[in-house]
Visitor: 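Take a look at the following structure, please.
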Amino acid sequence: MDFILTENAKLVCKHELGTVGIAPSQHFVTINKNKILVEPDTISKPIAGCPNVGASIKPCTSTLTVFQGYSDFIRINGRRVCLASLKGITDGTPPGVVEYLVRNPGQTLVGVK
């Protein structure tokens with residue numbers, strides 16, 4: 001089951017300690033009173049606490065693109081909902097390689113197969 005993400009979801013960079021700050025852009029569809037995330041709610045969001053720091057190493061500070069994890073079938077106001085399988089790229093080093101992903105979808109009641 002691929003659960004739908006809500007505003008309570010926890011997204012992290014691959015370095016595990018970097019937490020993605022998310023904010024829902026739609027406010028009328030909820031699960032247990034928590035707003036559902038839709039595209040592009042996880043793009044261009046800040047990442048705090050990434051431990052990947054060092055000489056000529058840039059920690060993850062922002063999310064960039066998503067390459068998987070949008071529903072092909074469920075949309076809200078024309079925008080695809082975000083699923084627990086969501087993965088994207090951060091701005092950390094090496095460029096274009098470091099991913100961010102879902103650690104907790106924020107709910108386990110509604111999902112898709």
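Count residues from 1 along the sequence.
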Visitor: Taking Val38 as the starting point, is it possible to reach Leu109 by hopping between hydrophobic residues whose side chains are less than 4.5 Å apart?
Guide: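 Same cluster: Leu109 reaches Val38 through Ile, Leu, Val, Met, Phe, Trp or Tyr contacts under 4.5 Å.
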
Visitor: Testing the basics here: between Lys10 and Thr19, what is the closest heavy-atom pair and its distance to 0.1 Å?
Guide: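 Nearest pair, atom of Lys10 first, then Thr19: NZ-OG1, 4.1 Å.
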
Visitor: Enumerate the salt bridge (Lys or Arg N to Asp or Glu O under 4.0 Å) contacts for residues 44-55, please, sequence neighbours excluded, ordered by first and then second residue.
Guide: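 Passing the test, one end in residues 44-55: no pairs.
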
Visitor: If hydrophobic clusters are built by linking Ile, Leu, Val, Met, Phe, Trp and Tyr wherever their side-chain heavy atoms come under 4.5 Å apart, do Val112 and Val81 end up in the same one?
Guide: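 Yes.
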
Visitor: Roughly how far apart are Asn8 CG and Gln107 CD, rounded to 0.5 Å?
Guide: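 If we round to the nearest 0.5 Å, Asn8:CG and Gln107:CD are 9.5 Å apart.
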
Visitor: Counting N and O atoms only, with roles assigned by atom type, does the side chain of Asn52 sit under 3.5 Å from a partner on the main chain of Cys50, one being a donor and the other an acceptor?
Guide: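 No; zero donor-acceptor contacts below 3.5 Å.
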
Visitor: Can you see which heavy atom on Asn77 is nearest to which on Phe28, and at what distance?
Guide: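 Result for this residue pair: CB-CZ, 3.9 Å.
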
Visitor: Provide the closest heavy-atom pair for Glu7 versus Ile22 in the form atom of the first, atom of the second, distance.
Guide: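 Closest heavy-atom pair between Glu7 and Ile22: O-CD1, 3.9 Å.
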
Visitor: Would you check if the side chain of Thr63 reaches a backbone N or O of Thr42 as a donor-acceptor pair within less than 3.5 Å?
Guide: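 Yes, because the side chain of Thr63 sits within donor-acceptor range (under 3.5 Å) of the backbone of Thr42.
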
Visitor: Are Tyr70 and Leu37 connected in the hydrophobic side-chain network, where two residues link if heavy atoms are under 4.5 Å apart?
Guide: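 Linked within one cluster.
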
Visitor: How close do Ala84 and Val102 get, counting heavy atoms only, and between which atoms?
Guide: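 In this case the closest contact between Ala84 and Val102 is O-CB, 3.4 Å.
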
Visitor: With sequence neighbours left out, write down each residue that passes side chain to side chain donor-acceptor pair (under 3.5 Å) with Thr65, or none if nothing qualifies.
Guide: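 If we apply the side chain to side chain donor-acceptor pair (under 3.5 Å) test to Thr65, skipping adjacent residues, there are no hits.
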
Visitor: What's the separation between atom CD1 in Ile31 and atom OG1 in Thr6, rounded to the nearest 0.5 Å?
Guide: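 The CD1 atom of Ile31 sits 6.5 Å away from the OG1 atom of Thr6.
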
Visitor: Please determine, by modelled atom types, if Asp91 and Ser62 share a side-chain donor-acceptor pair under 3.5 angstrom.
Guide: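 No, no side-chain donor-acceptor pair sits under 3.5 Å.
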
Visitor: So how far is it from Ile74 CD1 to Ile4 CD1, rounded to the nearest 0.5 Å?
Guide: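 Spacing of CD1 (Ile74) from CD1 (Ile4) equals 4.5 Å.
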
Visitor: For Leu64 versus Tyr100, what's the shortest heavy-atom pair and its separation?
Guide: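 What the structure gives for the nearest pair is N-CE2, 4.3 Å.
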
Visitor: Find out if a path of hydrophobic residues (ILVMFWY) with successive side-chain heavy-atom gaps under 4.5 Å connects Ile47 to Leu101.
Guide: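 In one cluster with Ile47: Leu101, no.
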
Visitor: For Val20 versus Val12, what's the shortest heavy-atom pair and its separation?
Guide: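 Closest approach of Val20 to Val12, heavy atoms only: CG2-N, 4.3 Å.
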
Visitor: Would Leu11 and Ile43 show up in the same hydrophobic cluster when neighbours are defined by side-chain heavy atoms closer than 4.5 Å?
Guide: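 Yes; tracing contacts between hydrophobic side chains, which count when under 4.5 Å, links both residues.
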
Visitor: Kindly write out the residues that satisfy side chain to side chain donor-acceptor pair (under 3.5 Å) with Lys14, not counting sequence neighbours, or none if the list is empty.
Guide: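 So Lys14 forms no side chain to side chain donor-acceptor pair (under 3.5 Å) with any residue.
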
Visitor: Hey, could you give me the OG/CG distance between Ser25 and Asp41, rounded to the nearest 0.5 Å?
Guide: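 The OG atom of Ser25 sits 3.5 Å away from the CG atom of Asp41.
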
Visitor: Crowded around Phe73 CZ? As in, over 12 foreign heavy atoms under 6.0 Å?
Guide: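 Atom CZ in Phe73 is not packed in, count stays at 12 or less.
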
Visitor: Please report the interatomic distance CD(Glu99) to OG1(Thr90), rounded to the nearest 0.5 Å.
Guide: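 Going from the CD atom of Glu99 to the OG1 atom of Thr90 covers 9.0 Å.
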
Visitor: Between Arg79 and Pro40, is there a side-chain heavy-atom distance shorter than 4.5 Å?
Guide: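 Counting from C-beta outward, Pro40 and Arg79 do come under 4.5 Å.
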
Visitor: To the nearest 0.5 Å, how far apart are CG in Leu5 and CG in Leu83?
Guide: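 Going from the CG atom of Leu5 to the CG atom of Leu83 covers 6.5 Å.
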
